[in-house]
Colleague: 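Have a look at this one before I ask anything.
Naming: A, B, ... by sequence-line order, numbering from 1 per chain.
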Amino acid sequence: MADDDLVFKSGQELAALIKARQVSAVDVVRAYLARIDALNPKVNAYITVTADQALARARQADREIAAGKYRGPLHGLPYAPKDILATKGIRTTNGSKVTADWIPTYESTITARLNKAGAVLIGKLNLLEFAMGSGVLSGFGPARNPWDLDYGPGGSSSGSGVALAAYMTPLAVGTDTGGSIRVPAALCGIVGLKQTYGRVSRYGVTTLSWTLDHAGPMTKTVADAAMMLQAMAGPDPRDATAAHEPVPDYSKALTGDIRGLRIGVPAGYFFDGNPEEAATVRKAIEKLREMGAKIVTVDVPHANLAGSAGWIIAMAEGACFHEQRLKEKPELFDPLVRERLEAAKFYPAVDYVKSMRIRTLLMDEMRQVFQKCDVMAVPGGGPAGKLDSPERARSDVKPGSASTAFRGGNTFIGDMTGLPAIVIPCGFTAGPPVLPLTIQFYGKPFDETTLFRVSHAYESATDWHKRRPPLSAGSSRTSAGGDQPIL
Amino acid sequence: MSASLSRTTPLSRRRLLQLLAAAGITGPAAVELLAQARRPISIDAVRQASAIVGESFTDDRLAVIETALRRNLDQFQIVRDLEIDDLVEPAPVFDSRRR
């Protein structure tokens, strides 16, 4: 089977071929390695590529499958985690010059579980430094949006979004503290799941904020996200916040049937962003109504506080985590990270605690929302914007702009409340450039099943997720329109 | 007029917002007016505060921090302006059974 035929398949499709031994894990890994070679110089998705180790793991997978020792749907499938997850013996940079040469002596629980399930790690993905940098001035330079290389992919899981959109991996892992899985998912037009806080262990994930950090799957399809979460989820004695909630069989959610499902749509704040995206999301909601869902109006009165209060919490906790590093090597930090962390040293404790009380307020308001509906639908937060210049990227205070409170978009409330949320494609801008637009669904605590149910149903009824960015390996810019296959 | 009412009583920010709203000035316009009236942070103020947090910064770093903090004040103010019921406790809940 040709490399192109392989890399454009979903993880689930590849898994079926590998299980049936119609393709080998080695062939699949080789196809992705070739694609990384061709495209990474343009999009800078990967910081480290572990070609030799990946091929060795793939050969092992093929031997095990041939011997009848099939581990499950992830067996032999390539994956790449954000380079903020510790991988034992493999460089883990956190996207920063500060830890550019760090070789962990331990493995994150997430990668350990994916490896145990037979998945094949093919490299470490680019990110905004320490999950909060500028991207532009972060340690390994910016990842670029495959839909237009002059545009940013969002962050902080920038490389994860890019690698998936450019078909450089079928499966990826990101982290999300204020939106860092869902924003790149929105801007790159892929699937990003921030699961319930505690559903997946944070052991081995470099901290930005202990109480806001989540790590979750990023994929091309909802079924692939469900497949990944199945392996990643569950309690962990090394993470006291990892929940003991039973892990259901997420594949049972993928029925395509949403008749009777109640979808809450909030007024105001959530739809105050980009008007083109808001209109596109409303069309998607109407499609869901046609498919049998019931649409109800809901309200989150203090949603506008999530960003400001969340910022205080994230920066205060981040400043604490990086305290020693910032004293020892301040000059190695991305200037934006350094600015944020040094300013956070002056945040009053009372403001931090009040922000924690606002979390409780928001959790109570969302609990009331979910008395009226099963999921809440909002815009994903696109489309992408142009990459900042180095001058603009070095500070949150942009030249010529008024000082305004950090809005937090439609994502921060998910981290503040710990509720699960998934982003999936639902359209494109008129352009030029033509950029992805997405819808985001919020769910009840530990009810990722219903999120998979509604998002899979919508995805099955549409083909937004099948479109490919017109990125040619032969030029430095995107081709002028039309859905041409990538090299 | 009693002696207590004859004294000028500083208005709280919350009260100022209420008065502006009564005058028909709300939303970003009101916030901007109050931002302009707010006592500015100075590099010197940040330098003195550094003693409290146990740090020392160069003048260049103090300038960066001061600019960032002035922006952050808008965030703090939105949080500080919220009147919140005494019964609302901070999350997360402390659990002595830590596993």
Colleague: Please classify the contact of A:Pro330 with chain B as side chain, backbone, both or neither, using a heavy-atom distance under 4.5 Å.
Modeller: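 Contact with chain B involves no heavy atom of A:Pro330 at all.
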Colleague: Out of curiosity, A:Phe346 CZ to B:Ile41 CD1, how far, rounded to the nearest 0.5 Å?
Modeller: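 CD1 of B:Ile41 is found 10.0 Å from CZ of A:Phe346.
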Colleague: Check whether A:Arg357 reaches the backbone of B:Val88 with its side chain - one donor and one acceptor, N or O, closer than 3.5 Å.
Modeller: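 At least one qualifying donor-acceptor pair exists.
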Colleague: Output the option from B:Ile65, B:Val79, B:Val53, B:Ile84 having the highest count of non-hydrogen pairs under 4.5 Å with chain A.
Modeller: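 Going by pairs under 4.5 Å, I would pick B:Val79.
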Colleague: In Å, rounded to the nearest 0.5 Å, how long is the span from CG of B:Asp85 to OG1 of A:Thr360?
Modeller: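 It comes to 12.0 Å.
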Colleague: With a 4.5 Å heavy-atom cut-off, do B:Leu82 and A:Lys354 have their side chains touching?
Modeller: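 SC-SC contact between B:Leu82 and A:Lys354 confirmed.
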Colleague: Under a 4.5 Å cutoff for heavy-atom pairs, which residue among A:Val353, A:Val350, A:Asp351 has the most contacts with chain B?
Modeller: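 So the answer, after comparing A:Val353, A:Val350, A:Asp351, is A:Asp351.
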Colleague: Shortest non-hydrogen contact from A:Met356 to B:Ala91?
Modeller: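 The pair with the smallest heavy-atom distance is SD-O, 2.7 Å.
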Colleague: Using every non-hydrogen atom in the two residues, find where A:Ala343 and B:Asn72 come nearest and quote the distance to one decimal.
Modeller: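 Shortest heavy-atom separation between A:Ala343 and B:Asn72 comes out as CB-OD1, 3.9 Å.
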Colleague: Tell me, yes or no, whether the heavy-atom count around A:Arg394 atom CZ, taken from other residues, nucleotides or ligands under 6.0 Å, exceeds 12.
Modeller: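 Counting neighbours around CZ of A:Arg394, 12 or fewer heavy atoms of other residues, nucleotides or ligands fall under 6.0 Å, so no.
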Colleague: Using non-hydrogen atoms and a 4.5 Å limit, figure out which bit of A:Arg338 sits close to chain B: side chain, backbone, both or neither.
Modeller: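 Its backbone and side chain both get close to chain B.
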Colleague: Give, for atom CZ of B:Arg61 and atom CD of A:Glu339, the distance between the pair rounded to the nearest 0.5 Å.
Modeller: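 CD of A:Glu339 is found 7.5 Å from CZ of B:Arg61.
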Colleague: Is it the backbone or the side chain of A:Leu361 that comes under 4.5 Å from a heavy atom of chain B, or both, or neither?
Modeller: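 Answer is both: backbone and side chain atoms of A:Leu361 are under 4.5 Å from chain B.
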Colleague: Is chain A contacted by the side chain of B:Glu55, its backbone, both, or neither, given a heavy-atom distance below 4.5 Å?
Modeller: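 Interface part for B:Glu55: side chain.
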Colleague: Quick one: closest heavy-atom pair of B:Leu69 and A:Tyr347, and the distance?
Modeller: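 Where B:Leu69 meets A:Tyr347 most closely, the heavy atoms are CD2-CE1, 4.3 Å.
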Colleague: Check each atom of A:Met363 against the heavy atoms of chain B and say whether the ones under 4.5 Å are side chain, backbone, both or neither.
Modeller: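 Just the side chain, heavy atoms under 4.5 Å.
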Colleague: Is the closest side-chain heavy-atom distance between B:Phe76 and A:Ser308 below 4.5 Å?
Modeller: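 Answer no - side chains too far apart.
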